[in-house]
Undergrad: 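First the structure, then my questions, so here it is.
A, B, ... follow the sequence lines: proteins, then strands. Residue 1 opens every chain. As the structure is a prediction and not an experimental result, all values here were calculated from the model.
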2 protein chains.
Amino acid sequence: MQRRQLLDELVSKGIRLTSQRRAVISVIQEAKSHLDAGSLLDLARRLEPSLDRATVYRTIGLLKKLRLIDELDLMHLEGEKHYYEVRTEGDHIHLACFGCGMIQEFTSPLFDRLKEEITRTAGFEIRVARLELGGFCPKCSSRHRGEEEEKTKTSVKH
Amino acid sequence: MQRRQLLDELVSKGIRLTSQRRAVISVIQEAKSHLDAGSLLDLARRLEPSLDRATVYRTIGLLKKLRLIDELDLMHLEGEKHYYEVRTEGDHIHLACFGCGMIQEFTSPLFDRLKEEITRTAGFEIRVARLELGGFCPKCSSRHRGEEEEKTKTSVKH
DNA sequence: AAACTTTCTGCGACTCAGTCGCAAGAACGG
DNA sequence: CCGTTCTTGCGACTGAGTCGCAGAAAGTTT
Ligand SMILES: [Zn+2]
Ligand SMILES: [Zn+2]
Ligand SMILES: [Zn+2]
Ligand SMILES: [Zn+2]
């Protein structure tokens, strides 16, 4: 499902391949979850121990500019980090649960229609589309509702 | 169009009103554009010169928690700042131009439909919805296309 | 209006993501 | 294998945001 491999994309654009870039790219590609620059560094260092923070950021910048990866905020659930994922065919939406920190992905034709509408109506040439929702997943939703009621009860002045 | 004033909301929630909070809130409310914490501090200091950075952040946190303001990234067009705006009835979309830095707001019923679909399908209780698009505004779009062609021409190895 | 409790503020020191300039090192085409 | 050009590691730096604390205010009670 994943179009062409990132490495091939770089080669085809005449970009120099280094072992550091291979390491970072490999980690991003195999990642099962959304990684921030720090985790990316830790994981890639297993492949390339001398790898430096700066190089990771530079590689991220490169891949972002080439539109091969997307940058996410994930509602900054844990600090002001940014997260990265390989760009896929259709954009997808990220749902971040304030309760348990779960991140869920969601796709919908409506999203594409909305983007299409914006392109048409506003004449805006979309390069990056980021839709992130914060709230409560099904599990936390009920728990959270309970807490809210609890709070209301006790805070009402008698 | 702006529901109830922020100050009233705070009072009704039994939150202590201080001159610092008044200053920050007043600035956010009168703001013509999206302000980051730094600008917010500068402007609010005109009303309350002793105002400290920390207090601004604490007030932002408070208003965010009460869902009276929204936090934006605006595609981090100029550094890793965050921007704030008073929450309005319907969520709106932000378009950020990579060319000129313009920020445009956009609303669409499709956006509400999309959120409604997510609530229904994923059982997710949405608290914050942030849709930001990066790309090129109509003016910059043509200019940008021109440059791309230029680049292609000169970068072809003879 | 003074006293009292609770919350808020300013301050200063701190954290932590991300950036930058530079000199040494590696890629790759010839 | 060589030379040009790009990339890296390092270290120092920036700048947003946080935190604990002691003193200052807010709102409430008498
Ligand atoms: Zn961000
Ligand atoms: Zn949850
Ligand atoms: Zn953000
Ligand atoms: Zn523009």
Undergrad: Suppose clustering is done on Ile, Leu, Val, Met, Phe, Trp and Tyr with side-chain heavy atoms closer than 4.5 Å. Which residues sit in the same group as B:F111?
TA: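 Grouped by the 4.5 Å side-chain rule, A:I93, A:L95, A:M102, A:F106, A:L110, A:F111, A:L114, A:I118, A:F124, A:I126, A:L131, A:L133, B:I93, B:L95, B:M102, B:F106, B:L110, B:L114, B:I118, B:F124, B:I126, B:L131, B:L133 form the rest of the cluster around B:F111.
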Undergrad: Sequence neighbours excluded, which residues qualify as ring pair (Phe, Tyr, Trp, His ring centres under 6.0 Å) partners of A:H94?
TA: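 With neighbours one apart ignored, the set is A:H34, A:H92.
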Undergrad: Base, sugar-phosphate or nothing for B:S19? Non-hydrogen atoms, less than 4.0 Å.
TA: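 No contact.
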Undergrad: Between protein and nucleotides 3-5 of chain C, what N or O pairs are separated by less than 3.5 Å?
TA:
none

Undergrad: Could you pull out all residues at least two apart from B:K81 that satisfy salt bridge (charged side-chain N to carboxylate O under 4.0 Å, His left out)?
TA: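 For B:K81 the salt bridge (charged side-chain N to carboxylate O under 4.0 Å, His left out) partners, ignoring immediate neighbours, are B:E78.
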Undergrad: Could you identify which residues of residues 32-40 of chain A place a heavy atom less than 4.0 Å from some atom of DNA chain D, listed by residue number, or say none?
TA: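 Residues of residues 32-40 of chain A that come under 4.0 Å of DNA chain D do not exist, since none gets that close.
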Undergrad: Quick one: list whatever passes side chain to side chain contact (heavy atoms under 4.5 Å, CB included) with B:K13, sequence neighbours left out.
TA: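 Counting only residues at least two positions away or on another chain, B:K13 forms a side chain to side chain contact (heavy atoms under 4.5 Å, CB included) with B:E9, B:I15, B:L66.
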Undergrad: Hey, what bend do you get for the helix from C:dA1-D:dT30 to C:dG30-D:dC1 if you fit axes on five pairs at each end, rounded to 10°?
TA: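 Rounded to the nearest 10 degrees, the bend comes out at 30°.
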Undergrad: Of all residues at least two apart in sequence or in a different chain, which pass the salt bridge (charged side-chain N to carboxylate O under 4.0 Å, His left out) check with B:D42?
TA: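 Scan of B:D42 (salt bridge (charged side-chain N to carboxylate O under 4.0 Å, His left out), adjacent residues dropped) gives none.
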Undergrad: A:D36: which residues meet the salt bridge (charged side-chain N to carboxylate O under 4.0 Å, His left out) condition with it, sequence neighbours left out?
TA: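 Expected list: none.
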Undergrad: What are the residues of residues 52-61 of chain A, sorted by number, that bring a heavy atom to within less than 4.0 Å of DNA chain D?
TA: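 Heavy-atom contacts with DNA chain D come from A:D52, A:R53, A:A54, A:T55, A:R58.
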Undergrad: Taking only residues two or more places apart in sequence, or in another chain, which ones meet B:L47 in a side chain to side chain contact (heavy atoms under 4.5 Å, CB included)?
TA: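 B:L47: side chain to side chain contact (heavy atoms under 4.5 Å, CB included) contacts with B:A23, B:S26, B:V27.
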Undergrad: Quick one: side chain to side chain contact (heavy atoms under 4.5 Å, CB included) partners of A:L17, sequence neighbours excluded?
TA: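 A:L7, A:L10, A:V11, A:R22.
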